[in-house]
Engineer: 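If you scroll down you'll find the structure; I have some questions about it.
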Amino acid sequence: MKILYAIQGTGNGHLCRAMDVIPCLQKFGEVDVLISGIQADICLPFEIRYRLHGMSFIFGKSGGVDIWKTFMSSTLRKFIQEINSIPVEKYDLVINDFEPITAWACHTRDIPCIGLSHQIGAMHKSSPKPEDSDMMGKFIMKNYAPCTHSYGFHFKSYHDDIFTPVIRKPIRELKPTNEGHYTVYLPSYDDAHILKHLSKFQNIKWEVFSKHNMKAIHYKNISINPINSEAFVKSMASSEGVLCGAGFETPAEALYLRKKLLVIPMKNQYEQHLNSAALEEMGVPVIKSLKKKYEYDIALWLNSKATVQVDYQDNTLQIVEQIINKHQ
């Protein structure tokens, strides 16, 4: 069986999940991996058959997606060329983790495309939704990577076709400790903005991981470190709590490790507002932005001992087997 597994390369979450999904797929056939996108910091330990520019969301520096840079980074001509370049018809099965090139290649050639992504879980009618309506955000998520069959991941299983998060093996093997520091990952804020606000909590040791700095620096009670997967996991596993964007994988891993969690959804990123709605329903505190008016909420969180309990079973192989058996 020839399988094409296509992965969205914006951010790190899709690639983290792929580390566990790919070995499971390889049990059922020959797997070619495709990655599109230019905003990831993680390298997969597998051969990448296709690496494409795709259509990436570019993180800004003040809490959101940079719409202009996102638009300028992608051209319609390049997008169409990449769609035409992928031979999806030679595969027995195409599995897609919110990756637009293969999704549209399948769509235009009337070839089945199996969607397996967090975005599907978040958009499902059974999943929590934010109060604020974002018609453009809904439209983008619905049409970004169209598929013929849909399976999703979310913080809870809201439906039979929505599974709990894939927690990668290195996280499952950890023995969490508490060394008193707080781990921070807010890629849509620049270092100066983070330093300005977190330095006000003088008795707290912050370990920040930054997309905007290539070398480690220290400022008062804050260390700023370049993105490094192993260092980040080590910091998170030994932390008192985690302050991060309202993505999917990092909050899911923090919950699995029984860490205190506070999330800040990106502006202009509907998926993160969907995630925030689900997390808030579970009892995770959410603030709208990293600004002075929310420093009181951060202080309340720092003084709290509350954590949210989850049960994320290691069932990735069963999920993959279920999908393969249904669609082969």
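Only a predicted model underlies this, so the values are computations on that prediction, with no experimental measurement involved.
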Engineer: Side chains of Gln8 and Tyr144: is there a donor and an acceptor less than 3.5 Å apart?
Structural biologist: yes

Engineer: Given Phe155 and Leu279, is the side chain to side chain contact (heavy atoms under 4.5 Å, CB included) satisfied, shown in steps?
Structural biologist: CA-CA 7 Å; Phe155 297 112; Leu279 288 168; 3.6 Å; yes

Engineer: Indicate if Tyr158 and Phe153 have the same hydrophobic cluster label, given that clusters are the connected sets of ILVMFWY residues with side-chain heavy-atom separations under 4.5 angstrom.
Structural biologist: no

Engineer: I'd like to know if the side chain of Asn84 pairs up with that of Glu82 as donor and acceptor (distance under 3.5 Å, no hydrogens or angles considered).
Structural biologist: no

Engineer: Please say yes or no: joined through hydrophobic side-chain contacts below 4.5 Å, possibly via intermediate residues, are Phe98 and Ile162 part of one cluster?
Structural biologist: no

Engineer: Carefully, step by step, assess Val308 and Leu261 under the rule side chain to side chain contact (heavy atoms under 4.5 Å, CB included).
Structural biologist: CA-CA 8 Å; Val308 174; Leu261 177 64; over 6 Å; no

Engineer: Have Tyr91 and Asp32 got a donor and an acceptor in their side chains that come within less than 3.5 Å?
Structural biologist: yes

Engineer: Check whether any side-chain heavy atom of Val284 sits under 4.5 Å from a side-chain heavy atom of Leu255, and report yes or no.
Structural biologist: yes

Engineer: Would you call the rings of His118 and Phe248 parallel, tilted or perpendicular, taking 30° and 60° as the class edges?
Structural biologist: parallel

Engineer: Side chain to side chain contact (heavy atoms under 4.5 Å, CB included) between Leu257 and Met236: does it pass, once the steps are laid out?
Structural biologist: CA-CA 9 Å; Leu257 294 170; Met236 181 167 62; 4.0 Å; yes

Engineer: To the nearest 0.5 angstrom, please state how far the CG atom of Leu302 sits from the CD atom of Glu295.
Structural biologist: 11.0 Å

Engineer: For residues Ala103 and Cys113, report the shortest heavy-atom separation together with the two atoms involved.
Structural biologist: CA-SG, 4.2 Å

Engineer: When you compare the side chain of Ile171 with that of Tyr256, does any pair of heavy atoms fall below 4.5 Å?
Structural biologist: yes

Engineer: Heavy-atom count check: over 12 atoms from other residues, nucleotides or ligands less than 6.0 Å from Phe139 CZ?
Structural biologist: no

Engineer: Donor-acceptor pair, distance only, cut-off 3.5 Å: does the side chain of Trp206 make one with the backbone of Val184?
Structural biologist: no

Engineer: Please indicate whether Lys27 has more than 12 foreign heavy atoms, meaning atoms of other residues, nucleotides or ligands, lying under 6.0 Å from its NZ.
Structural biologist: no

Engineer: Can any side-chain N or O of Arg172 pair as donor or acceptor with the backbone N or O of Gln313 at less than 3.5 Å?
Structural biologist: yes

Engineer: Show, in sequence, the C-alpha distance, side-chain angles and deciding distance for Leu44 and Ile35, and conclude whether the side chain to side chain contact (heavy atoms under 4.5 Å, CB included) test is met.
Structural biologist: CA-CA 10 Å; Leu44 290 180; Ile35 299 174; 3.9 Å; yes

Engineer: Measure up the His327 and Tyr151 rings against each other and bin them: parallel (under 30°), tilted (30 to 60°), perpendicular (over 60°).
Structural biologist: perpendicular

Engineer: Grab the two heavy atoms, one from Gln272 and one from Pro265, that are nearest each other, plus how far apart they are.
Structural biologist: OE1-CA, 3.5 Å

Engineer: Can you check whether Phe232 and Phe209 have ring centres sitting under 6.0 Å from each other?
Structural biologist: yes

Engineer: Show the nearest heavy-atom pair for residues Ile120 and Leu116, with the distance to one decimal.
Structural biologist: CD1-N, 4.0 Å

Engineer: Give a yes or no on whether Asp110 atom CG has more than 12 heavy-atom contacts from other residues, nucleotides or ligands under 6.0 Å away.
Structural biologist: no

Engineer: Is a side-chain donor or acceptor of Ser239 paired with a backbone partner of Val242 at a separation under 3.5 angstrom?
Structural biologist: no

Engineer: Atom OG1 of Thr250 and atom NZ of Lys259: how far apart are they, to the nearest 0.5 Å?
Structural biologist: 14.5 Å

Engineer: Look at the aromatic rings of His197 and His193 and report parallel, tilted or perpendicular, splitting at 30° and 60°.
Structural biologist: tilted

Engineer: Working to the nearest 0.5 angstrom, can you tell me the gap between Glu253 CD and Tyr312 OH?
Structural biologist: 11.0 Å

Engineer: For Gly121, does its backbone N or O pair with a side-chain atom of Ser127 as donor and acceptor, under 3.5 Å?
Structural biologist: yes

Engineer: In terms of side-chain heavy atoms, does Ser235 have a donor or acceptor partner in Glu207 at a distance below 3.5 Å?
Structural biologist: yes

Engineer: Short question: side chain of Ser36, backbone of Leu52 - any donor-acceptor pair under 3.5 Å?
Structural biologist: no

Engineer: May I ask you to check whether over 12 heavy atoms, not counting those of Lys200, lie within 6.0 Å of atom NZ?
Structural biologist: yes

Engineer: Could you verify whether a donor N or O on one side chain and an acceptor N or O on the other, from Gln309 and Thr307, lie under 3.5 Å apart?
Structural biologist: yes

Engineer: If you count heavy atoms of other groups shown closer than 6.0 angstrom to CZ of Arg258, is the number above 12?
Structural biologist: yes

Engineer: Has Lys125 got more than 12 heavy atoms of other residues, nucleotides or ligands less than 6.0 Å from its NZ?
Structural biologist: no

Engineer: About how many Å separate NZ of Lys129 and CG of Asp134, when rounded to the nearest 0.5 Å?
Structural biologist: 13.0 Å

Engineer: If you count the non-hydrogen atoms of other residues, nucleotides and ligands that lie under 6.0 Å from NZ in Lys260, is the total more than 12?
Structural biologist: yes

Engineer: So with a 6.0 Å cut-off around NZ of Lys142, is the heavy-atom count from everything else above 12?
Structural biologist: no

Engineer: Has Ser304 got a side-chain atom pairing as donor or acceptor with Leu300's backbone, closer than 3.5 angstrom?
Structural biologist: no

Engineer: Donor-acceptor pair, Glu99 side chain versus Thr102 backbone, under 3.5 Å?
Structural biologist: yes

Engineer: Taking atom CD1 of Ile324 and atom CD1 of Ile114, what is their separation to the nearest 0.5 Å?
Structural biologist: 9.0 Å

Engineer: Would you check if the side chain of Asp92 reaches a backbone N or O of Lys2 as a donor-acceptor pair within less than 3.5 Å?
Structural biologist: yes

Engineer: Establish, from distance only, whether the side-chain atoms of Asp97 and His14 form a donor-acceptor pair under 3.5 Å.
Structural biologist: yes

Engineer: How long is the span from the CZ atom in Arg109 to the CD atom in Glu89, to the nearest 0.5 Å?
Structural biologist: 5.0 Å

Engineer: Checking the side chain of Asn221 only, and the main-chain atoms of Lys205 only, is there a donor and an acceptor separated by less than 3.5 Å?
Structural biologist: no

Engineer: Which atoms form the tightest heavy-atom contact between Leu195 and Ser199, and what is the distance?
Structural biologist: O-OG, 2.6 Å

Engineer: Specify the closest pair of heavy atoms between Tyr270 and Met123, including all atoms of both residues, with the distance to one decimal.
Structural biologist: CE2-SD, 3.8 Å

Engineer: Checking His154 side chain against Lys156 main chain: does a donor-acceptor pair fall under 3.5 Å?
Structural biologist: no

Engineer: Please report the shortest heavy-atom distance between Arg17 and Ser117, naming the atom on each side.
Structural biologist: NH2-CA, 4.2 Å

